[in-house]
Colleague: 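Okay, here's the structure, questions in a sec.
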Amino acid sequence: MTDDGITLIDAWEVPEDRIDESLARWRERVGLIHTAPGFRDARLHRGLHPESRLGLVNVAHWDSVEARDEALAHPAFTASAATAAGYATVHGGWYQVAAAFRTERIDAKVDDASIRSPLGIVPLQPFGTYTGSSKRW
């Protein structure tokens with residue numbers, strides 16, 4: 001694998017009335033594996049509309065598929081994951097970065113006017129004073 005590692009993306013079909021339970025179980029499972037060698041981070045995204053077919057989307061970054069497989073072999077992890085088998089269908093796969101783009105933003109204040117600018121560009125009025133600070137998103 002490259003220094004970028006690999007990305008696991010799982011889209012979950014979960015009934016709306018089981019979303020909160022699924023969130024709790026996800027937190028439980030991440031709590032079990034977050035210190036495992038090769039684990040980088042994980043984020044669980046919730047659909048904005050209850051009628052969305054895919055109610056949750058998990059995005060996790062690992063050093064390698066092997067590191068993830070070893071971590072997920074933890075008995076408590078497999079027991080927790082098995083609880084969702086009766087009500088959730090998970091569609092997922094492994095991905096590597098194919099292309100990327102990042103926008104830099106700066107929040108600033110010029111003569112008491114707030115400005116949020118992409119790409120780090122802060123327009124200044126003639127003789128304006130910059131009183132903001134750089135903030136990355």
Side-chain angles (χ1 to χ4, degrees):
M1 294 293 137
T2 67
D3 285 344
D4 289 334
I6 50 97
T7 302
L8 172 68
I9 301 175
D10 290 328
W12 303 0
E13 289 185 62
V14 182
E16 180 63 26
D17 63 341
R18 303 300 288 265
I19 294 278
D20 290 335
E21 176 185 351
S22 297
L23 286 164
R25 294 288 184 179
W26 180 88
R27 287 184 182 106
E28 174 184 291
R29 289 190 293 273
V30 171
L32 293 168
I33 63 169
H34 76 277
T35 59
F39 177 83
R40 295 184 179 189
D41 63 64
R43 296 176 82 177
L44 189 61
H45 304 263
R46 185 177 188 158
L48 295 177
H49 303 287
E51 66 276 1
S52 297
R53 186 172 66 96
L54 303 172
L56 297 169
V57 176
N58 174 55
V59 179
H61 296 101
W62 291 84
D63 287 347
S64 67
V65 174
E66 296 79 18
R68 186 260 189 179
D69 289 348
E70 187 173 325
L72 271 54
H74 189 291
F77 184 95
T78 55
S80 178
T83 62
Y87 65 84
T89 302
V90 179
H91 308 277
W94 292 104
Y95 299 86
Q96 285 185 309
V97 175
F101 177 82
R102 177 176 292 186
T103 300
E104 298 292 328
R105 296 184 186 271
I106 290 181
D107 290 343
K109 205 170 217 186
V110 177
D111 292 336
D112 296 325
S114 293
I115 298 170
R116 180 168 287 157
S117 177
L119 304 175
I121 301 167
V122 178
L124 295 176
Q125 300 171 358
F127 308 106
T129 54
Y130 169 75
T131 59
S133 65
S134 176
K135 183 176 182 182
R136 296 184 117 171
W137 290 17

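What you see is a predicted model, and the numbers here were worked out from it, not measured in a lab. All residue numbers in this chain count up from 1 along the given sequence.
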Colleague: Is there a side-chain contact between Asp20 and Arg46, using heavy atoms and a 4.5 Å cut-off?
Modeller: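 Yes, side chains in contact.
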Colleague: Specify the closest pair of heavy atoms between Val57 and Ile9, including all atoms of both residues, with the distance to one decimal.
Modeller: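 Reported closest heavy-atom pair: CG1-CG2, 4.1 Å.
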Colleague: So, taking the atom named CZ in Arg18 and the one named CG in Leu56, what distance separates them when rounded to the nearest 0.5 Å?
Modeller: 12.5 Å
Colleague: Out of curiosity, Trp62 CH2 to Thr7 OG1, how far, rounded to the nearest 0.5 Å?
Modeller: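 If I round to the nearest 0.5 Å, the distance is 12.5 Å.
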Colleague: How close do Ala67 and Ser64 get, counting heavy atoms only, and between which atoms?
Modeller: N-OG, 3.0 Å
Colleague: Check each of Asn58, Thr89, Ile19 against Trp12 using the side chain to side chain contact (heavy atoms under 4.5 Å, CB included) test, and report the only one that passes.
Modeller: Asn58
Colleague: Does one hydrophobic cluster hold both Tyr95 and Phe39, with members joined at side-chain heavy-atom distances below 4.5 Å?
Modeller: no
Colleague: Which heavy atom of Asp10 sits nearest to which heavy atom of Gly92, and what is that distance?
Modeller: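 Here Asp10 and Gly92 meet closest at OD1-CA, 3.4 Å.
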Colleague: Could you tell me whether a side-chain N or O of His74 sits under 3.5 Å from a main-chain N or O of Ala71, the two making a donor and an acceptor?
Modeller: no
Colleague: Please check if atom CD in Glu70 has more than 12 non-hydrogen atoms from other residues, nucleotides or ligands closer than 6.0 Å.
Modeller: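 No, the 6.0 Å shell around CD holds no more than 12 heavy atoms from other groups.
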Colleague: Looking only at heavy atoms, what is the nearest atom pair of Val30 and Ala42, with distance?
Modeller: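 Scanning both residues, the minimum pair turns out to be CG2-CB, 4.4 Å.
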Colleague: Can Leu23 be reached from Val90 by stepping across I, L, V, M, F, W or Y side chains whose heavy atoms are under 4.5 Å apart?
Modeller: yes
Colleague: Can you tell me how far the OH atom of Tyr87 sits from the CG atom of Asp17, to the nearest 0.5 Å?
Modeller: 10.0 Å
Colleague: Minimum heavy-atom separation for Ala11 and Leu54, please, with both atom names.
Modeller: CB-CD1, 3.7 Å
Colleague: Just jot down the side chain to side chain donor-acceptor pair (under 3.5 Å) partners of Arg68, sequence neighbours excluded, or say none.
Modeller: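 Once residues adjacent in sequence are excluded, Arg68 has no partner under the side chain to side chain donor-acceptor pair (under 3.5 Å) criterion.
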Colleague: Has the side chain of Ser80 got a donor or acceptor atom that lies under 3.5 Å from a matching backbone atom of Phe77?
Modeller: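 Checking the backbone N and O of Phe77 against the side chain of Ser80, no donor-acceptor pair under 3.5 Å is found.
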Colleague: Could you measure the distance from the NE2 atom of His61 to the CZ atom of Arg43? Nearest 0.5 Å is fine.
Modeller: 9.5 Å
Colleague: Taking the side chain as everything from C-beta on, heavy atoms only, tell me whether Gln96 gets closer than 4.5 Å to Asp4.
Modeller: no
Colleague: Verify the cluster assignment for Leu44 and Ile6: are they in a single hydrophobic cluster under the rule of side-chain heavy atoms below 4.5 Å apart?
Modeller: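 Per the 4.5 Å side-chain linkage, Leu44 and Ile6 are co-clustered.
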